[in-house]
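Okay, so here's the structure we're looking at.
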Amino acid sequence: MDVELRHLRAFCAVAENRSFTTASKQLLITQPALSRTIQQLEAALGVRLLERTSRMVQVTDAGRGFLIRIQAILRDLDLATAELRGERDLRIGFSWALPDPWATETVATFEATTGAAAHLLRRDDIDAALARGEIDVALIRHEPASADATTVTLFEEPRIAAVSSRSPLAERDQIGWNELGTHPVILNTVTGSTRTELWRPEDRPKQVIECGNYDEWITLIAAGRGVGATPLSATSTHAHTGVVFVPLTGAPAAPMHIAWMPRKVGPLVRCFIEIAASSAWPTTARQ
């Protein structure tokens with residue numbers, strides 16, 4: 001059997017994500033179909049590329065060497081296709097708090113690799129912007145509203161409490177997740193990463209104040225209307241003089257997702273997804 005482009009893309013997606021689940025979402029195929037494609041590739045090459053268990057996927061020694069060569073080939077192919085199509089720009093949407101230096105380094109890698117220009121565009125209603133085609137991909141903290149969008153989780157980071165500088169909580173060294181829920185909680189219900197469902201039913205906040213964007217959220221907290229929770233990276237990129245960030249214990253991690261519309265996937269979009277998915281969140285950002 002001949003090795004086809006779909007075999008190579010399937011292998012790269014699984015090897016880069018170390019997950020059949022994530023790779024199948026990225027490639028828009030079912031997991032059984034993806035498994036068959038990998039099996040076909042391994043049969044055609046006569047070598048085991050991946051070691052699969054019920055919990056993880058590991059790349060074999062032969063697979064690692066093959067991956068490096070194939071990544072370069074696929075990237076060159078995508079760039080050549082983009083150039084012929086006249087695609088020289090990528091619009092990356094976000095609504096608030098892109099983690100740095102991860103975002104800066106990922107965009108720089110994309111531009112250096114492709115020669116294309118990446119434009120970061122802030123949109124309060126990021127889901128609508130993606131659906132209307134105003135942006136090509138979205139970096140989001142929430143699950144997309146549109147069922148048509150495909151989403152892959154890039155990484156997770158610690159969640160931290162946000163309280164008014166006038167609150168007694170501002171003097172604390174740490175706050176328990178369930179204790180946070182005993183106070184009025186400010187929720188950005190449009191693009192925020194915190195939902196009442198993150199607490200156990202018996203521990204969910206009794207009083208919730210809703211808002212529609214990050215600026216409203218942090219202003220309400222500064223005014224002492226309630227408390228909130230946000231990803232750790234937001235504390236350095238979106239600080240407020242009236243808000244103090246306090247470490248949380250027992251809090252669920254805050255994910256960063258990348259979302260796109262499958263019908264609009266082009267070479268530049270695919271290249272950015274691959275670079276973003278392979279760019280680990282820097283350890284320094286976690287401290």
Side-chain angles (χ1 to χ4, degrees), residues 17 22 25-28 78-79 82 85-157 159 187-195 210-218 230-238 254-282 285:
N17 292 289
T22 302
K25 291 179 65 176
Q26 186 171 317
L27 296 170
L28 307 177
D78 281 342
L79 296 181
R85 290 177 175 174
E87 299 177 13
R88 305 307 305 158
D89 297 273
L90 183 73
R91 300 164 300 170
I92 306 165
F94 72 103
S95 53
W96 59 278
L98 284 179
D100 229 13
W102 178 87
T104 301
E105 293 174 353
T106 300
V107 168
T109 300
F110 168 80
E111 292 185 329
T113 301
T114 63
H119 305 284
L120 290 169
L121 305 174
R122 179 176 175 177
R123 296 289 185 271
D124 283 339
D125 193 342
I126 197 74
D127 296 305
L130 186 63
R132 289 195 297 262
E134 295 177 8
I135 55 176
D136 301 307
V137 296
L139 296 173
I140 57 177
R141 302 283 190 175
H142 63 285
E143 293 294 334
S146 173
D148 295 329
T150 298
T151 308
V152 169
T153 301
L154 298 175
F155 55 78
E156 295 181 329
E157 56 180 305
R159 201 181 298 266
L187 295 182
N188 171 3
T189 58
V190 179
T191 57
S193 63
T194 303
R195 299 286 188 272
E210 298 183 351
C211 61
N213 58 55
Y214 187 90
D215 294 330
E216 293 176 4
W217 176 85
I218 202 166
T230 193
L232 176 60
S233 60
T235 64
S236 59
T237 58
H238 283 66
M256 169 63 77
H257 309 291
I258 186 169
W260 66 94
M261 304 302 286
R263 65 180 182 275
K264 298 179 181 179
V265 173
L268 291 184
V269 170
R270 186 161 47 238
C271 185
F272 183 79
I273 293 170
E274 292 173 356
I275 291 173
S278 62
S279 301
W281 187 41

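Small disclaimer: the values here were computed from a predicted structure and weren't measured.
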Problem - T104 side-chain N/O to D100 backbone N/O, donor-acceptor pair under 3.5 Å - result: no
Handout entry: salt bridge (Lys or Arg N to Asp or Glu O under 4.0 Å) involving R91 - partner list, sequence neighbours excluded
Key = D136
Practice task
Without swapping roles, check the side chain of R88 against the backbone of G115 for a donor-acceptor pair under 3.5 Å.
Solution key: yes
Problem - For L154, the option from N17, I258, T106 that meets side chain to side chain contact (heavy atoms under 4.5 Å, CB included) - result: I258
Handout entry: Trace of the side-chain contact (heavy atoms from CB on, under 4.5 Å) decision for R141 with M256
Key = CA-CA 5 Å; R141 302 283 190 175; M256 169 63 77; 3.4 Å; yes
Practice task
Scan for salt bridge (Lys or Arg N to Asp or Glu O under 4.0 Å) pairs involving residues 267-277, sequence neighbours excluded, and state none if there are none.
Solution key: D78-R270
Practice task
Would you please name every residue forming a salt bridge (Lys or Arg N to Asp or Glu O under 4.0 Å) with E210, sequence neighbours left out?
Solution key: none
Completion exercise
Note: E111 and A118 closest approach over all heavy atoms is OE2-N, 2.8 Å
Handout entry: Donor-acceptor contact present, side-chain R122 to main-chain S95, <3.5 Å
Key = yes
Fill in the blank from the handout: To the nearest 0.5 Å, atom CG of L268 lies from atom CG of D89 at 8.5 Å
Completion exercise
Looking only at heavy atoms, the pair that brings A138 and I126 closest together is CB-CG1, 3.8 Å
Handout entry: Spacing of T191 atom OG1 and N213 atom CG [to the nearest 0.5 Å]
Key = 7.0 Å
Practice task
Give a yes-or-no answer on whether the side chains of T153 and H257 include a donor-acceptor pair shorter than 3.5 Å.
Solution key: yes
Practice task
Find the distance between CD1 (I218) and OG1 (T230) and round it off to the nearest 0.5 Å.
Solution key: 7.5 Å
Exercise for the section: Determine, using ring centers only, whether W260 and F272 are less than 6.0 Å apart. Expected result: no
Exercise for the section: Using distance alone, with no hydrogens and no angle criterion, decide if D127 and H142 have a side-chain donor and acceptor under 3.5 Å apart. Expected result: yes
Practice task
State the CZ-CE distance between R132 and M261, to the nearest 0.5 angstrom.
Solution key: 12.0 Å
Exercise for the section: Apply the test side-chain contact (heavy atoms from CB on, under 4.5 Å) to residues V190 and D124: give CA-CA distance (whole Å), side-chain angles for both, the deciding distance (0.1 Å), then the verdict. Expected result: CA-CA 8 Å; V190 179; D124 283 339; over 6 Å; no
Handout entry: Under 3.5 Å: donor-acceptor pair, side chain of E157, backbone of S233
Key = yes
Practice task
May I have the step-by-step check of side-chain contact (heavy atoms from CB on, under 4.5 Å) for V107 and W102, ending in yes or no?
Solution key: CA-CA 9 Å; V107 168; W102 178 87; over 6 Å; no
Handout entry: Between R159 and S193, a side-chain donor and acceptor under 3.5 Å
Key = yes
Problem - L120: which of I92, L90, I135 passes side chain to side chain contact (heavy atoms under 4.5 Å, CB included) - result: I92
Completion exercise
Rounded to the nearest 0.5 angstrom, the CG-CZ distance for L139 and F94 is 9.0 Å
